[in-house]
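What follows is a short report on a single structure.
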Amino acid sequence: MDDELEAIRQLKARYCRFLDTKDLDSWRSVFTSDVVVTLDMAVSTGGADPLTAPPIEGVDNFAPTVMGGLDGVATMHHCHTPELTLTSATTATGVWAMEDWLIFPDGRELHGAGHYHETYVKQDGAWRIKTLHLTRTILRVSGDSPD
């Protein structure tokens, strides 16, 4: 059991590293092909926030959308204090506290915090993220983009 939980912790560490280093192919590998991702675009009210984006389905849709939006952006993603539960030999759930900081080429910055709510499946001996819902408790954007 401890080995499985450690494997999920390392999966999430790779998620952050591959995202921040803009390693698209490696980042895609942390997800199932049919991943479903929901991103709250403002401080969340339990998923009822009107700024919650529609779910993005499939790694072929999700990964290039995120990486394309981060072109030229310096990023930092940290995940902390995982609450992980094995629900079977090949499934698990997790909640991670997170902090992110994005520095855009025009000088704007986004600094946020919140939680990743995830499910995982073990496929071909490796854990992958099956669903991801990012909720936010803090979202601060500073600086103005030039007109």
Exercise for the section: Evaluate side chain to side chain contact (heavy atoms under 4.5 Å, CB included) for Arg108 paired with Ile103, printing each intermediate quantity in order. Expected result: CA-CA 6 Å; Arg108 289 176 303 124; Ile103 304 170; over 6 Å; no

Exercise for the section: Taking all heavy atoms of Glu57 and all of Val36, pick out the closest pair and write down the distance. Expected result: CG-CG2, 4.2 Å

Fill in the blank from the handout: Rounded to the nearest 0.5 angstrom, the CZ-CG distance for Phe18 and Asp25 is 10.5 Å

Completion exercise
When rounded to the nearest 0.5 Å, the distance separating CD of Glu6 from CD1 of Ile8 is 10.0 Å

Problem - Heavy-atom side-chain contact between Asp40 and His133 under 4.5 Å - result: yes

Problem - Beyond-backbone contact of Leu86 with Leu5, side-chain heavy atoms, under 4.5 angstrom - result: yes

Practice task
Indicate yes or no: does Glu118 engage Lys12 in a salt bridge with an N to O separation below 4.0 Å.
Solution key: yes

Handout entry: Distance-only donor-acceptor check, side chains Ser29 and Ser26, under 3.5 Å
Key = no

Handout entry: For His115 against Ala97, the heavy-atom pair lying closest together
Key = CD2-CA, 3.7 Å

Exercise for the section: Kindly state whether the ring of Trp96 and the ring of Tyr15 have centres lying under 6.0 angstrom apart. Expected result: no

Handout entry: Asp23 with Arg17: basic N within carboxylate O range, under 4.0 Å
Key = no

Practice task
Report the distance from atom NE2 of His80 to atom CE of Met98, rounding to the nearest 0.5 Å.
Solution key: 8.5 Å

Exercise for the section: Please report the shortest heavy-atom distance between Asp2 and Arg9, naming the atom on each side. Expected result: O-NH2, 4.3 Å

Exercise for the section: Indicate, with yes or no, if Phe104 and Val141 share a hydrophobic cluster defined by side-chain heavy-atom contacts under 4.5 Å among Ile, Leu, Val, Met, Phe, Trp and Tyr. Expected result: yes

Exercise for the section: Flag yes if Val43 and Leu102 sit in one hydrophobic cluster, no otherwise; membership is Ile, Leu, Val, Met, Phe, Trp, Tyr, and two members link when side-chain heavy atoms are under 4.5 Å apart. Expected result: yes

Problem - Met76 side, atom CE; Asp100 side, atom CG - distance, nearest 0.5 Å - result: 7.0 Å

Practice task
Take Glu109 and Arg140, measure what salt bridge (Lys or Arg N to Asp or Glu O under 4.0 Å) needs, and give me the verdict at the end.
Solution key: CA-CA 8 Å; Glu109 295 185 18; Arg140 178 176 290 162; over 6 Å; no

Exercise for the section: Would you kindly confirm whether Ile56 and Leu24 end up in one hydrophobic cluster when ILVMFWY residues are joined by side chain heavy atoms under 4.5 Å apart? Expected result: yes

Exercise for the section: Salt-bridge test for Asp60 and Arg28: reply yes if a basic N is under 4.0 Å from a carboxylate O, no otherwise. Expected result: yes

Completion exercise
Rounded to the nearest 0.5 angstrom, the CZ-OG distance for Arg128 and Ser33 is 9.0 Å

Problem - Check: Tyr116 and Leu132 side chains under 4.5 Å, non-hydrogen atoms - result: yes

Handout entry: Residues Val66, Leu19; criterion side chain to side chain contact (heavy atoms under 4.5 Å, CB included); working and verdict
Key = CA-CA 9 Å; Val66 170; Leu19 179 56; 3.9 Å; yes

Practice task
Give me the ring orientation class for Trp127 and Tyr120: parallel if the planes are under 30° apart, tilted from 30 to 60°, perpendicular past 60°.
Solution key: perpendicular

Exercise for the section: May I have the step-by-step check of side chain to side chain contact (heavy atoms under 4.5 Å, CB included) for Thr75 and Asp20, ending in yes or no? Expected result: CA-CA 5 Å; Thr75 64; Asp20 289 339; 2.7 Å; yes

Handout entry: Cluster overlap Ile129 with Leu70, hydrophobic side-chain contacts below 4.5 Å
Key = yes

Practice task
Go through Lys122 and Glu4 one step at a time and tell me if the side chain to side chain contact (heavy atoms under 4.5 Å, CB included) criterion holds.
Solution key: CA-CA 10 Å; Lys122 191 172 187 180; Glu4 299 296 347; 2.9 Å; yes

Handout entry: Val73 and Pro105, any side-chain heavy atoms less than 4.5 Å apart
Key = yes

Handout entry: Whether Phe31 and Phe62 hold their rings parallel, tilted or perpendicular, with breakpoints at 30° and 60°
Key = perpendicular

Handout entry: Nearest-0.5 Å distance that lies between atom CG in Leu134 and atom OG1 in Thr38
Key = 10.0 Å

Practice task
Answer whether the closest heavy-atom distance between the side chains of Val95 and Thr81 falls below 4.5 Å.
Solution key: no

Handout entry: Gln123 side chain reached by Thr90 side chain, heavy atoms, under 4.5 Å
Key = no

Exercise for the section: Report yes if the side chains of Lys22 and Met67 come closer than 4.5 Å at any heavy-atom pair, otherwise no. Expected result: yes

Problem - Beyond-backbone contact of Thr32 with Val121, side-chain heavy atoms, under 4.5 angstrom - result: yes

